[in-house]
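Right, one structure below, let's go through it.
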Amino acid sequence: MEIKLGVPVLAIDIGGTKVAAGVVDPAGKVLCRGQILSNACTAEDLFERVLGLAQEMLRIHRKPVSVCGVGSGGPSRDNHRLLSPLNIAVWRDFPFRERLSQALQVEVHVDNDAKALALAEGWVGAAVGQDNYLAMVVSTGIGGGIVLNGCLLDGADGNAGHIGHVFVSEEGRADAAGVVGLLEGQASGSALADLLKGVAVADAPLQMRQRVGTLVGRGVGSVANLLDLRLAVVGGSVALGFGDDFFAAAQAEIDRICHLIHSQGTQIIPSPLGADGGIIGAAAVARQRWPPFIWG
């Protein structure tokens, strides 16, 4: 395969509510974008719809691409060869990478969506120049990606960083894995939709916005104490939608529990990448896997 300097990549962000896709240039600029809902009756139906979205992006871009990056909700097995997103029930051990590569005839690289965001923040976002930080997605689900000493943590099977499954409170509902007390079961978009009983998550009352921020801050503070880092960059529709109410409550909880020398002063900030964070993150997955010289 011929590799040329400055090759744009196809990027796909697979979430529990929607799948977004686009083409991203080597500077991290999104050249085109589109999205579909991720609800589907069968595994094949969802795959065909994602494939159709990817093909539409390539038609809009009008130029061939040689690589595709994917960020997906987790967990997964075999280093993201088999996807089983908790919030996409029809995919269990689904071989998305192989299927998409065969269908598009391009090289495909897959990672967790929050780990992808961590790569994006270090590339063109709020963590440029930082060697130690946490990136989080607070959306339909809650995920995290951790960079220590300049390296993204992977873990044995590629699932490191699942901050949505840290324990934060005895109260609350069970999460998608059936466990009560974990962050995702109380502060994710799916948890809030259940608690609000028909009221849109965007219209959640102030008390709920602050509680979500407090619980996320509790998780972030625990990670900061454990891993010797002082920066958390947070994206996702819930966090960014709740805005200042969420971030002020999260920061207050971090300040309350981070008293160790190495965690004092830990900051939580919104991702500057906004709604494009998932697409840019997916492109960053391809950027990490492909030879560095193609990115300039």
Side-chain angles (χ1 to χ4, degrees), residues 8-38 50 53-54 57 68-74 80 85 87 109-130 133-147 152-153 161-164 184 187-189 201-202 212-213 216 219-220 231-244 246-247 250 267-289 295:
V9 302
L10 176 64
I12 302 174
D13 175 41
I14 302 172
T17 300
K18 64 179 176 62
V19 178
V23 176
V24 181
D25 76 9
K29 180 181 178 181
V30 180
L31 303 177
C32 62
R33 61 180 64 76
Q35 68 179 48
I36 59 171
L37 295 179
S38 52
V50 175
L53 176 63
M57 293 301 100
C68 173
V70 179
S72 172
H80 311 289
N87 293 301
H109 298 284
V110 182
D111 209 331
N112 175 268
D113 56 354
K115 289 172 65 186
L117 179 64
L119 293 174
E121 296 295 347
W123 177 24
V124 293
V128 173
Q130 299 292 320
Y133 61 92
L134 163 71
M136 283 185 69
V137 175
V138 183
S139 189
T140 303
I142 296 178
I146 299 167
V147 173
L152 179 69
L153 298 188
H162 267 278
I163 190 173
E184 184 165 291
S188 65
V201 173
V212 169
V216 169
V220 169
L231 175 64
V233 185
V234 183
S237 58
V238 172
L240 299 181
F242 283 3
D244 291 344
F246 168 90
F247 283 98
Q267 297 293 306
I268 184 169
I269 62 174
S271 168
L273 304 179
D276 281 340
I279 296 176
I280 298 172
V285 171
R287 178 179 184 264
Q288 182 192 47
R289 300 297 204 285
W295 298 94

Partner of Ile163 under side-chain contact (heavy atoms from CB on, under 4.5 Å), picked from Val137, Val138, Ile142, is Ile142
Report the residue from Leu117, Leu134, Ile269, Ile268 that forms a side-chain contact (heavy atoms from CB on, under 4.5 Å) with Val233. Ile269
Over all heavy atoms of both residues, which pair between [X] and [Y] is shortest? Give the atoms and the distance, please.
X      : Y      : answer
Ala284 : Ala120 : CB-N, 3.8 Å
Ser188 : Gly141 : CB-CA, 4.0 Å
Val9   : Ala283 : CG2-CB, 3.6 Å
Leu10  : Ala54  : CD2-CB, 3.9 Å
Ala118 : Leu152 : CB-CD1, 4.0 Å
Ala27  : Trp123 : C-CZ2, 4.0 Å

Is the shortest heavy-atom distance from the side chain of [X] to the side chain of [Y] under 4.5 Å?
X      : Y      : value
Glu184 : Asn87  : yes
Val234 : Phe247 : yes
Leu119 : Arg287 : no
Gln130 : Val147 : no
His80  : Ser72  : no
Ile12  : Val19  : yes
Val110 : Ile14  : no

If we ignore hydrogens and angles and just use 3.5 Å, is the side chain of Thr140 paired with the main-chain N or O of Gly189 as donor and acceptor? no
Backbone of Gly15 reached by a side-chain donor or acceptor of Ser38 within 3.5 Å: yes
Atom [atom1] of [X] and atom [atom2] of [Y]: how far apart are they, to the nearest 0.5 Å?
X      : Y      : atom1 : atom2 : value
Ile146 : Leu153 : CD1   : CG    : 5.5 Å
Ile280 : Lys29  : CD1   : NZ    : 11.5 Å
Cys68  : Met57  : SG    : CE    : 12.0 Å
Gln35  : Thr17  : CD    : OG1   : 10.0 Å
Leu273 : Ile279 : CG    : CD1   : 11.0 Å

Among Asp111, Asn112, Asp113, which residue satisfies the side chain to side chain donor-acceptor pair (under 3.5 Å) criterion with Lys115? Asp111
